[in-house]
Protein chains: 2
Amino acid sequence: MTQKLTILDIAKLAGVGKSTVSRVLTNDPKVKPETREKVEQVIRESGYVPSKSAQAMRGGSAKVVGIILSRLDSTSENKAVRGILEVIYQAGYDAVIMESQFSAEKTNEHLAVLQKRNVDGVIVFGFSDCDLSSIEKLKHKAVVIAVDTDSISSVGYDNQGVIELAMNHFIEQGKQNISYVGVDPSDKTTGLMRLNAYLECCQRFGIESCYQTGQLSHESAYQLADDVIKTKTQAIVCASDTLAMGVAKRLQELNRTDIQVSGVGATDLLSFIYPNTFSIDPGYHQAGQSSANLLIKQLNGQHEVTHLTQQASL
Amino acid sequence: MTQKLTILDIAKLAGVGKSTVSRVLTNDPKVKPETREKVEQVIRESGYVPSKSAQAMRGGSAKVVGIILSRLDSTSENKAVRGILEVIYQAGYDAVIMESQFSAEKTNEHLAVLQKRNVDGVIVFGFSDCDLSSIEKLKHKAVVIAVDTDSISSVGYDNQGVIELAMNHFIEQGKQNISYVGVDPSDKTTGLMRLNAYLECCQRFGIESCYQTGQLSHESAYQLADDVIKTKTQAIVCASDTLAMGVAKRLQELNRTDIQVSGVGATDLLSFIYPNTFSIDPGYHQAGQSSANLLIKQLNGQHEVTHLTQQASL
DNA sequence: CTGTTAGCGCATTCAA
DNA sequence: TTGAATGCGCTAACAG
């Protein structure tokens, strides 16, 4: 990194006015090809890098989107983030990422910081008692993931679908005794919606329901497992791969190789360790892409509020 | 978000000059407490947010650090990133995060983008054939993690220590037949250094070495396992938790509950699934913190090149 | 202590 | 098609 070159230095070096250089930078068509070529040449040779800060200030857009996720080490979220990055990077944006750690307060702080930075838009990963009010103020400049709201564009997971997919799979195999292990219904999406999907499936197919809910951890599922393992149990549907892990472990200890387990999350580790197992893919990566595409579309003028639901797949 | 308020609006509203407002913003001590109070009052009530873009342009510092990691879904890296975020956020910086995907080319592109953005500093997670040359140009504005270099400050993991810790643990338990599963030595750190540590330990303690190296995946370790499992084997040290997972799985199939396995990474999942197992913690989180602290110290004028090695622990 | 002035690097008028 | 001039929002001299 040599001295900070400015647009003026380039102008002098190329023997043109600084606005001409600016035009080249902004791809203004009103530049004689020759001139453009010469300027680009100089830019290349000098290693000049236009200052985004200045551009941001001038143009109003910093070409940055903020991403607020609950935890960086959440596999679901970082799969989605990878999808987001692909898309926004393609569109010339960069990302500043922050962790809410499931705190509404932190989320708001981050939101404030992001505003200060003049970010063009924000993508927020929702969590149980996420405070949407401050996000709503951003209107079309925000997209939320995995959260229910009308006022703001969102990409949701198909909480019903992920469970139905697993249930159908087992039922097609002729299984009639299917248990369920989930998380506490106080969590609207992963908790309540998935449990309801299970219960509805049971009703629809005349299956006697048998379920337990608890924390979103291996240990919790491991402990809950015994309560849903009956002699006639043929399969256990779990609300997430983490839970499936705990259940599968217990089954292995009990030598119940006859019982199949399903999870949600598409973790390759699950079926590697426990072969009698499969996982539904809620489409985290695509959800990330969709949310990013949605945001960019909105930043480009399409101000309609849109709600997408990510298709799940086996 | 109401209309974009500027520092001038606040000045008028507070009945002071705009520089006074600026002084309040920058915490300049030379402001009469009264005046400061009044200005802060107005700022609060109006919901004014100073534009970072403008501040960045003016002051040269955008208060942003760039983080280039190889993969967002690497547990080791995102543990480290969480450490980094804690520290830099504390210091008033924000992070723009990018993925190199183990590509030197992408890394360079990202570096260029980050420069354009006037980031104050950069933290880069190294990988096998990481091209350091462009990072070196940043001098004291960069810190690399997990990579060997003299010219630039770095935080490294104690590749020798992580293996020695595991070996010592087994040896203290009186085990004499300890095998090793690692990754290809073409990878300098996780591959070569850890293998060498194993071999040295063997020599020092008069243990007959028995090892295999391959890819950094469960499958690879699973396949390699048979080659290092002898009748008299008492323990298997693995270069990472991922590998330990594969090895433990194979042991379970073989019913070799007599053999203990160790990994590196502090993944809680490992010992949850395979009780006869433990993991060495290379200190990812602290390494992240250290690197961030190091970077900030350097951004504040301390231009010495420093090399830190993160202590591992059981 | 505080107001006034002058740029920071760039994109965009307006003339030429 | 191009150059000169203007101002974005802010900080840092410089005077009061």
Side-chain angles (χ1 to χ4, degrees), chain A residues 1-40 42-43 46-64 92 113 115-120, chain B residues 1-43 46-64 92 113-120:
Chain A
M1 227 156 85
T2 11
Q3 259 315 36
K4 263 280 188 267
L5 291 173
T6 84
I7 201 172
L8 188 59
D9 298 314
I10 304 302
K12 282 183 199 152
L13 254 53
V16 299
K18 55 181 210 160
S19 33
T20 303
V21 178
S22 177
R23 289 191 182 96
V24 171
L25 257 30
T26 51
N27 260 303
D28 190 319
K30 301 193 284 271
V31 192
K32 204 201 303 176
E34 276 181 65
T35 319
R36 171 183 301 275
E37 184 47 52
K38 187 172 56 182
V39 173
E40 282 176 338
V42 175
I43 290 184
S46 63
Y48 161 74
V49 225
S51 149
K52 279 266 180 190
S53 318
Q55 293 181 309
M57 193 183 99
R58 191 59 185 74
S61 163
K63 282 293 198 179
V64 172
V113 172
Q115 267 184 252
K116 255 201 280 220
R117 289 210 176 276
N118 272 324
V119 299
D120 300 87
Chain B
M1 230 157 86
T2 10
Q3 255 317 38
K4 264 281 188 262
L5 290 173
T6 84
I7 201 172
L8 189 60
D9 298 315
I10 304 302
K12 283 185 200 152
L13 254 53
V16 300
K18 53 184 217 163
S19 40
T20 303
V21 178
S22 176
R23 288 191 184 98
V24 172
L25 256 32
T26 51
N27 260 304
D28 190 318
K30 299 193 282 270
V31 191
K32 203 203 302 178
E34 275 181 65
T35 319
R36 172 183 301 276
E37 184 48 52
K38 187 171 58 181
V39 173
E40 282 176 339
Q41 167 98 4
V42 174
I43 290 185
S46 63
Y48 161 73
V49 228
S51 148
K52 280 266 178 189
S53 319
Q55 294 181 308
M57 192 184 101
R58 192 57 186 81
S61 163
K63 284 292 201 179
V64 172
V113 172
L114 291 175
Q115 266 183 251
K116 253 200 282 221
R117 289 211 176 275
N118 273 323
V119 298
D120 300 86

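When reading the values below, keep in mind they use all heavy atoms of this one structure, side chains included, and skip hydrogens, waters and symmetry mates. Lettering of chains follows the sequences in order, A, B, ..., and the numbering in each one begins at 1.
Residues that satisfy the side-chain hydrogen bond (donor to acceptor under 3.5 Å, both in side chains) test with A:Glu40, not counting sequence neighbours, are absent from this structure. In this structure, the side-chain contact (heavy atoms from CB on, under 4.5 Å) partners of A:Lys116, at least two apart in sequence or on a different chain, are B:Val49, B:Pro50, B:Lys52. When the side-chain contact (heavy atoms from CB on, under 4.5 Å) test is applied to B:Ser51, the partners found at least two apart in sequence or on another chain are A:Asn118, B:Ser53, B:Ala54.
When heavy atoms are screened at a 4.0 angstrom cut-off, B:Ser51 is found touching the sugar-phosphate backbone but no base atom. Among the protein residues, A:Ser53 comes within range of no part of the nucleic acid, since none of its heavy atoms lies under 4.0 Å from any strand.
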Under 3.5 Å, which donor-acceptor pairs link side chains of residues 15-27 of chain A to any protein atom two or more places apart or in another chain?
{"residue": "A:Thr26", "atom": "OG1", "partner": "A:Ser22", "partner atom": "O", "Å": "3.0"}
{"residue": "A:Thr26", "atom": "OG1", "partner": "A:Arg23", "partner atom": "O", "Å": "3.3"}

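Of all nucleotides in DNA chain C having an atom under 4.0 Å from a heavy atom of chain B, the first and last in 5' to 3' order are C:dC1 to C:dG9. In the 5' to 3' direction, nucleotides of DNA chain D lying under 4.0 Å from heavy atoms of chain A begin and end at D:dT1 to D:dG9.
Heavy atoms only, all atoms of each residue included: B:Thr35 and B:Val31 are closest at CB-CG1, 4.1 Å. Nearest heavy-atom pair, B:Ala14 versus B:Lys38, reported as atom, atom and distance to 0.1 Å: O-CE, 3.3 Å. Smallest separation of non-hydrogen atoms from A:Ser61 and A:Asp120: OG-OD2, 2.6 Å. Summarising the geometry of A:Ile10 relative to A:Tyr48, their closest heavy-atom pair is CD1-CB, 3.4 Å, with the distance given to 0.1 Å.
A:Lys63 has its side chain out of reach of A:Gln55: every pair of non-hydrogen atoms, C-beta onward, lies at least 4.5 Å apart.
Each of B:Arg36 and A:Thr6 has a nearest nucleotide on DNA chain C; the 5'-most of these lies closest to B:Arg36. Both A:Val16 and B:Lys18 lie close to DNA chain D; mapped to their nearest nucleotides by heavy-atom distance, the more 5′-ward contact belongs to A:Val16.
Evaluation of the salt bridge (charged side-chain N to carboxylate O under 4.0 Å, His left out) test over residues 27-37 of chain B, restricted to residues two or more places apart or in two chains, returns B:Glu37-B:Arg44.
Listed in residue order, the members of residues 20-33 of chain B having a heavy atom less than 4.0 Å from DNA chain D are B:Ser22, B:Arg23, B:Thr26.
In DNA chain D, runs of at least 3 stacked Watson-Crick or G-U pairs (N1-N3 plus N6-O4 or O6-N4, or N1-O2 plus O6-N3, all under 3.5 Å) give these stems: C:1-16 with D:1-16.
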